[in-house]
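Data block below; observations after.
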Amino acid sequence: MLNLKFIQENPELIVSKLKKKNFDAHAIVQQITELSGKKNEIQNQADQCKAEMNKISKEIGLLMRDGKTDEAQAAKIRTAELKDSIKQLDDDFARIELEVFNIQVLLPNLPSDLVPAGKTPEDNLIIKSHGQIPALPTGSVPHWELAKKYDIIDFELGVKITGAGFPVYKGKGARIQRALISFFLDQARESGYLEIQPPLMVNEESGFGTGQLPDKEGQMYHATEDNLYLIPTAEVPVTNLYRDLIVDAKDLPIKNTAYSACFRREAGSYGKDVRGLNRLHQFDKVEIVQIAHPDNSYELLDGMVAHVAGLVEKLELPYRILRLCGGDMSFTSALTYDFEVFSAAQEKWLEVSSVSNFESFQANRLKLRYRDEVTKKPVIAHTLNGSALALPRILAALLENNQTPEGIRIPKVLIPYCGFEMID
RNA sequence: GGAGAGGUGGGUGAGUGGCUGAAACCACCGGUUUGCUAAACCGACGUACGGGUCAUUCUGUACCGGGGGUUCGAAUCCCCCCCUCUCCGCCA
């Protein structure tokens with residue numbers, strides 16, 4: 001959510017910047033400017049009435065104390081009128097405030113100047129490619145066949161007990177999952193992130209705080225009996241740890257990491273990309289989150305990108321980093337880097353991480369602020385997060401790229417975590 | 001699920017109708033003292049949204065879990081909701 005004062009003071013800037021996201025903000029900005037002008041006017045009137053009311057009430061109190069009941073009684077006459085005005089003005093104010101808010105949340109975050117123009121994923125900017133695309137031996141197969149061949153992931157069994165998109169990992173399949181989680185968490189800890197184990201369900205306030213509610217309500221599993229939501233990413237509970245807080249500037253940046261299962265309904269996505277591990281309703285992910293000072297949030301973003309790149313390199317997977325174009329970015333992001341690894345049997349790039357700076361967009365909703373060391377005033381912080389990493393597609397690429405006639409080779413760095421060198 | 005207690009500023013916690021935006025203590029910040037640390041003492045110390053100067057300042061309003069009501073006036077009284085804690089039951 002963009003800050004209201006900022007919108008009022010920079011209408012043209014907002015309209016021009018949002019063009020990059022292919023979003024025409026003109027009408028919204030104009031509406032907001034008009035409505036908030038009206039809102040301020042009403043607040044002024046209401047405040048004046050209330051000030052007079054408070055004054056009279058105080059006087060009545062004093063008169064009563066002195067036993068001058070007649071005078072007190074006389075003073076009450078004026079209050080009835082004021083009361084009506086106040087009620088009317090307060091109602092109007094609340095209505096307009098809600099109206100402004102409802103429009104305000106329709107505005108996407110402003111893209112950073114680094115964001116390339118464009119409409120579709122084809123317009124994303126490849127800023128780095130790394131690693132060799134492996135030449136697989138003849139007879140190589142995609143990961144869902146490997147999963148069956150070595151009996152490490154059972155998709156049908158998942159269908160039986162839950163439904164499509166809820167695979168069952170077995171034996172070395174389960175163990176490699178656990179190994180990846182531990183590896184990612186250890187790496188994050190070594191990069192200075194504090195490990196958090198968050199709840200997997202969140203309340204409505206948290207869903208709102210990170211922007212899943214109300215817009216993406218349909219994408220989350222909702223336990224209606226208790227009005228709790230299964231988290232789509234650890235970003236939600238972890239970022240919300242800092243909701244409604246004013247943190248010390250000297251504690252920034254705050255760096256947290258968390259493993260969690262992630263739950264996504266993926267309503268409306270069917271067909272080509274959903275085979276095997278490519279798209280699931282439940283999957284595992286290690287997330288990294290930072291709460292930052294606005295002055296250095298982009299440096300920190302680069303650091304997060306470097307961290308994720310390190311992970312993929314250690315796993316010996318060919319990857320590329322994309323800077324997302326305006327049209328492919330999320331509503332809330334100011335700058336996003338996607339990581340894709342090459343899945344050699346499917347012969348395609350799979351997104352395994354998305355690292356973003358949200359600047360103050362999320363923090364404004366969260367009311368997450370830091371106290372400026374000079375002015376001593378609260379200032380909205382910046383939030384950043386990224387996957388480091390999401391497991392399923394990493395696993396898909398590991399299985400496909402490392403298949404040999406003898407079995408699937410485990411990357412060196414994972415062997416101590418797995419306790420085996422081959423899936424055979 | 002049954003019964004009870006309670007939600008006040010960063011924390012503990014006082015406050016049952018007006019002089020309470022809120023005592024006291026702790027923490028944080030500034031200062032004095034001190035060889036350093038500590039202690040002691042003094043001072044400042046909420047947030048949001050408005051208005052005027054827009055630089056420091058000044059000023060209005062709102063906020064004591066959320067919403068509604070009573071009253072000239074509500075943290076305080078009434079109603080509804082939410083949450084937390086304790087005991088019992090059930091259970092990993």
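Chain A is the first sequence line, chain B the second, and so forth, proteins listed ahead of strands; every chain is numbered from 1. These figures come from a predicted structure and were not determined experimentally.
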(message) Would R365(A) and F208(A) count as a cation-pi pair here, with the cationic atom under 6.0 angstrom from the ring centre and within 45° of the axis?
(response) yes

(message) When you measure from the centre of the six-membered ring of F420(A), is the NZ or CZ of K172(A) closer than 6.0 Å and no more than 45° off the axis?
(response) yes

Distance in angstrom units between [X] [atom1] and [N] [atom2], rounded:
{"X": "L245(A)", "N": "rG9(B)", "atom1": "CG", "atom2": "P", "result": "14 Å"}
{"X": "K39(A)", "N": "rA62(B)", "atom1": "NZ", "atom2": "P", "result": "16 Å"}
{"X": "N44(A)", "N": "rU59(B)", "atom1": "CG", "atom2": "P", "result": "17 Å"}
{"X": "Q73(A)", "N": "rU71(B)", "atom1": "CD", "atom2": "C1'", "result": "12 Å"}

(request) For rG17(B) and rC77(B), measure between their C1' atoms and round to the nearest Å. (result) 8 Å

(message) With rounding to the closest Å, how many angstrom separate the P atoms on rC78(B) and rC85(B)?
(response) 25 Å

Which part of the nucleic acid does [X] contact within heavy-atom distance under 4.0 Å: base, sugar-phosphate only, or nothing?
{"X": "T79(A)", "value": "sugar-phosphate"}
{"X": "K5(A)", "value": "sugar-phosphate"}
{"X": "A51(A)", "value": "sugar-phosphate"}
{"X": "I56(A)", "value": "nothing"}

The side chain of [X] is closest to which nucleotide in this list: [options]?
{"X": "R369(A)", "options": "rA48(B), rG60(B), rG18(B)", "value": "rA48(B)"}
{"X": "K83(A)", "options": "rU61(B), rG51(B), rU71(B)", "value": "rU71(B)"}
{"X": "R65(A)", "options": "rU61(B), rG50(B), rC19(B)", "value": "rC19(B)"}

(message) My understanding is that a pair needs two contacts under 3.5 Å, Watson-Crick or G-U wobble. By that rule, which nucleotide pairs with rG46(B)?
(response) rC63(B)

(message) side chain to side chain contact (heavy atoms under 4.5 Å, CB included) for H382(A) and H293(A)? Distances and angles first, verdict last.
(response) CA-CA 6 Å; H382(A) 281 193; H293(A) 193 288; over 6 Å; no

(request) Starting at CD1 of I254(A), measure out to CG of L368(A) and round the result to the nearest 0.5 Å. (result) 7.5 Å

(request) Report yes if a side-chain nitrogen or oxygen of R371(A) is closer than 4.0 Å to either non-bridging phosphate oxygen (OP1 or OP2) of rU47(B); otherwise report no. (result) yes

(message) Looking at rU61(B), I'd like to know if its phosphate oxygens (OP1 or OP2) sit under 4.0 Å from a side-chain N or O belonging to N54(A).
(response) yes

(request) Give me the ring orientation class for Y193(A) and H307(A): parallel if the planes are under 30° apart, tilted from 30 to 60°, perpendicular past 60°. (result) tilted

